[in-house]
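Step one of this worksheet: look at the structure below.
Bear in mind the structure is a predicted one, so any value in this text is a computation, not a measurement. Read the numbers this way: they start at 1 and go in the same order the structure lists the ligands and their atoms.
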Amino acid sequence: MSYQSQPAIPVKESRVTLLRNPLLNKGSAFSAEERKAFQLEGLVPAQIESINIQAERCYQQYKEQKTDLDRYIFLRALQDENETLFFHLVADHIADMMPILYTPTVGSACQNYSHLFRKSRGLFIAYPDRDKIGDILKQTEQENIKIIVVTDGERILGLGDLGVGGMGIPIGKLALYTACGGIDPATVLPIVLDVGTNNENLLNDPLYMGWHHKRITGDEYYSFVDRFVQAVMQQWPDVFLHFEDFAQKNALPLLKKYRDQYCCFNDDIQGTSAVALATLYSACKTRKTSIRDQRIIFLGAGSAGCGIAEQIVSAMVAEGLDEATARGQVYMVDRNGLITDDMQDIPDFQKKLAQPLSKLKNWKSQDQGFFLLDVVKQSKATVLIGVSGQKGLFTEEVIKTLASQCEAPFVMPLSNPTSHMEAIPEDILKWTEGKALVATGSPFSPVVINGKSFPIAQCNNAYIFPGIGLGVLAAKATRVTDNMMVAAAYALADTAPAAQNKGNAILPSFDDIEEVSYVIALAVAKAAVKDGVAEQKDETALLALIKGYYWHPEYRAYQLA
Ligand SMILES: NC(=O)C1=CN([C@@H]2O[C@H](COP(=O)(O)OP(=O)(O)OC[C@H]3O[C@@H](n4cnc5c(N)ncnc54)[C@H](O)[C@@H]3O)[C@@H](O)[C@H]2O)C=CC1
Ligand SMILES: CC(=O)C(=O)O
Ligand SMILES: [Mg+2]
């Protein structure tokens with residue numbers, strides 16, 4: 001059934017009010033009948049256009065933009081003007097536009113948020129308004145909110161504390177929920193919890209738009225977040241609450257506090273660990289080995305690093321290793337070097353990943369503790385994962401040492417944006433003479449060495465959270481369980497060309513993301529049913545729900561409400 005032949009949607013707005021509503025606006029695509037019924041005559045040019053013609057004009061304008069940031073500003077303005085057209089355009093050019101709407105360009109957009117600001121999108125809940133959170137939630141004109149992405153702006157990508165500038169991230173993530181996971185944009189809401197900022201540049205900037213105050217912390221912070229969560233759940237009890245880019249000290253505690261009470265998820269911990277597991281699994285398959293046979297070094301033992309590490313330990317155990325052996329094959333290197341069991345002041349989530357010092361008696365180090373190069377030299381690692389948010393730490397010496405001890409190392413500099421990566425693919429492939437398999441957090445074109453092209457997988461949670469959201473909402477899951485994450489990971493790996501003997505790419509193309517999201521959503525929904533957090537339904541029924549839930553960016557006919 002074409003979109004125009006679906007039943008007309010009742011709409012109350014008319015005239016400029018209708019044109020100013022980005023969720024309803026069709027601009028020059030309003031039909032003659034609609035122009036009459038909604039009093040739009042004279043407010044739009046005479047020619048009645050199709051969405052394809054409108055999108056073609058927008059694409060021409062997009063191509064005329066000079067910088068990536070200009071392209072971002074252009075796309076965001078279009079989103080604020082006409083969401084259907086925006087998502088139609090994005091759907092036609094998804095692989096091209098992802099690096100603009102998301103990492104790396106969204107990082108610059110967040111850094112410059114208060115300077116680039118044109119129009120508000122989403123909700124800003126500032127600490128001084130803590131007694132009015134319920135009222136602020138009611139400010140949104142959207143009644144039927146199904147997904148909220150919330151940040152407090154303290155750890156935006158690898159860029160640190162950007163205060164309310166972090167709003168770019170919930171906006172970007174939600175754009176991907178729609179573009180890649182078919183979530184109706186009328187049902188999504190980006191939120192920033194403005195608890196101040198410790199970024200002196202922002203505090204001293206008269207144009208900074210957030211609360212000019214140092215971050216509140218401790219009990220005050222947790223009780224503020226709690227007021228927010230309670231107010232959200234009261235307003236929209238079946239919402240899927242997605243936490244994004246919280247600082248390490250808060251990310252896991254908040255997830256632990258809420259994950260068994262509500263349908264919520266931390267993308268940096270859970271989404272990232274699922275996509276990393278998928279990528280590693282797929283890489284191992286192409287190399288005819290298995291995860292249990294890898295020795296893995298992490299640089300950065302934070303939310304993402306420890307989340308991925310725990311997921312990999314579980315995968316190794318599922319592949320037959322005992323837990324102690326699995327943990328012995330995973331090395332976490334943070335600022336103070338390798339995490340070992342004699343370290344007193346490390347957070348709880350790092351403790352289980354500490355290496356027993358007794359096993360390292362024969363290890364040598366240049367300094368106090370074992371740093372990355374020491375660990376690379378002595379662990380016989382096969383995989384190196386960077387989640388430190390620090391540029392250039394995978395030096396030529398580190399990579400060459402890794403490659404000298406291992407036939408085909410797998411190197412994953414996952415930190416975002418590109419300016420904060422541990423190494424760039426071209427260098428890694430050059431230093432390893434094309435032996436390394438490379439996956440990055442931000443997107444890269446294939447690297448050509450001696451005429452041979454090496455595809456670079458983008459190991460980013462963007463592959464997985466849209467499909468997870470789709471599965472959770474379509475199946476009406478009430479919680480996000482670990483099994484749902486593991487199911488999402490293996491489902492993603494199964495969609496890779498390498499898994500289907502259709503090439504050597506270890507992750508699918510974003511051009512195929514709708515199909516990929518169906519596969520992930522189905523796996524998530526089935527796991528939710530199995531875990532008893534969604535109503536019992538068979539696979540056919542779940543797939544029908546998922547496909548029915550998927551929103552496509554096409555205009556529907558309107559009738560006066
Ligand atoms: N590709 C993807 O899908 C994702 C990528 N990331 C990226 O991973 C990075 C880290 O994110 P989180 O783990 O959430 O942050 P985090 O702040 O929790 O962890 C970063 C860790 O790196 C450590 N670190 C800093 N400097 C270091 C150094 N010189 N040597 C060793 N360790 C050092 C910190 O002490 C901290 O423990 C960010 O750049 C983020 O953009 C995060 C989530 C998803
Ligand atoms: C991709 C992502 O979530 C991050 O870099 O924080
Ligand atoms: Mg993130």
Heavy atoms, side chains only, cut-off 4.5 Å: are Arg215 and Asp152 in contact?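 Result yes, sub-4.5 Å side-chain heavy-atom pair found.
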Check [X] against ligand 2 and report side chain, backbone, both or neither, counting heavy atoms closer than 4.0 Å.
{"X": "Asn460", "value": "side chain"}
{"X": "Lys173", "value": "side chain"}
{"X": "Asp268", "value": "side chain"}

Give a yes or no on this: more than 12 heavy atoms of other residues, nucleotides or ligands lie within 6.0 Å of atom NZ of Lys391.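 Not more than 12 within 6.0 Å, no.
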Using a 6.0 Å cut-off, check whether atom CD of Gln368 has over 12 heavy atoms from anything other than its own residue.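 For Gln368, atom CD is not crowded (no more than 12 foreign heavy atoms under 6.0 Å).
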Hey, looking at [atom], which of [options] has the closest heavy atom?
{"atom": "atom 32 (N) of ligand 1", "options": "His420, Met421, Arg335, Gln350", "result": "Arg335"}
{"atom": "atom 12 (P) of ligand 1", "options": "Glu154, Met412, Arg155", "result": "Arg155"}
{"atom": "atom 3 (O) of ligand 1", "options": "Ile464, Asn461, Val333, Leu414", "result": "Asn461"}
{"atom": "atom 30 (N) of ligand 1", "options": "Asn266, Leu393, Asp245", "result": "Leu393"}
{"atom": "atom 16 (P) of ligand 1", "options": "Gln248, Met332, Lys249", "result": "Gln248"}

Looking only at the side chains, is there a donor atom on one of [X] and [Y] sitting less than 3.5 Å from an acceptor on the other?
{"X": "Ser415", "Y": "Glu422", "result": "yes"}
{"X": "Asp342", "Y": "Thr340", "result": "yes"}
{"X": "Gln458", "Y": "Thr440", "result": "no"}
{"X": "Ser303", "Y": "Asp268", "result": "no"}
{"X": "Lys173", "Y": "Tyr102", "result": "yes"}

What protein atoms of element N, O or S are positioned under 2.8 Å from the Mg ion (ligand 3)?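 As for protein N, O or S atoms lying under 2.8 Å from the Mg ion (ligand 3), they are Glu244 OE2, Asp245 OD1, Asp268 OD1.
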Thr272 versus ligand 1: do any nitrogen or oxygen atoms come within less than 3.5 Å of each other?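 Between Thr272 and ligand 1, no N or O pair is found under 3.5 Å apart.
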Has ligand 1 got any nitrogen or oxygen that is less than 3.5 angstrom from a nitrogen or oxygen of Gly441?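 N/O-N/O distance below 3.5 Å does not exist for this pair.
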Identify, for [atom], the protein heavy atom at the shortest distance, and state residue, atom and that distance.
{"atom": "atom 8 (O) of ligand 1", "answer": "Val387 CG1, 3.7 Å"}
{"atom": "atom 26 (N) of ligand 1", "answer": "Gln390 CG, 3.3 Å"}
{"atom": "atom 19 (O) of ligand 1", "answer": "Gly302 CA, 3.3 Å"}
{"atom": "atom 18 (O) of ligand 1", "answer": "Ser303 N, 2.9 Å"}
{"atom": "atom 13 (O) of ligand 1", "answer": "Ala304 N, 2.8 Å"}
{"atom": "atom 31 (C) of ligand 1", "answer": "Asp334 C, 3.3 Å"}

Within a distance under 4.0 Å of any heavy atom of Asp245, pick out the atoms of ligand 2 and give their elements.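 Matching atoms, with element in brackets: 6 (O).
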Sub-4.0 Å atoms of ligand 2 with respect to non-hydrogen atoms of Arg155: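 Listed by number with element, the hits are 6 (O).
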Tell me whether [X] is salt-bridged to [Y], with the criterion being a basic N under 4.0 Å from an acidic carboxylate O.
{"X": "Lys351", "Y": "Asp341", "answer": "no"}
{"X": "Lys377", "Y": "Asp374", "answer": "no"}
{"X": "Arg121", "Y": "Glu83", "answer": "yes"}

Return yes when Val275 approaches ligand 1 closer than 4.0 angstrom through a heavy atom, no otherwise.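 Per 4.0 Å heavy-atom rule, Val275 does not contact ligand 1.
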Could you check whether [Y] and [X] have their ring centres less than 6.0 Å apart?
{"X": "Tyr331", "Y": "Phe298", "value": "no"}
{"X": "Tyr127", "Y": "His213", "value": "no"}
{"X": "Tyr518", "Y": "Tyr550", "value": "yes"}
{"X": "Phe243", "Y": "Phe246", "value": "yes"}
{"X": "Phe510", "Y": "Tyr463", "value": "yes"}

Polar contacts were defined as any N/O atom of the residue lying under 3.5 Å from an N/O atom of the ligand; does this apply to Tyr102 and ligand 2?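 Not met; the criterion fails.
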Heavy-atom contacts under 4.0 Å between Pro417 and ligand 1: side chain, backbone, both, or neither?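 None of Pro417 does.
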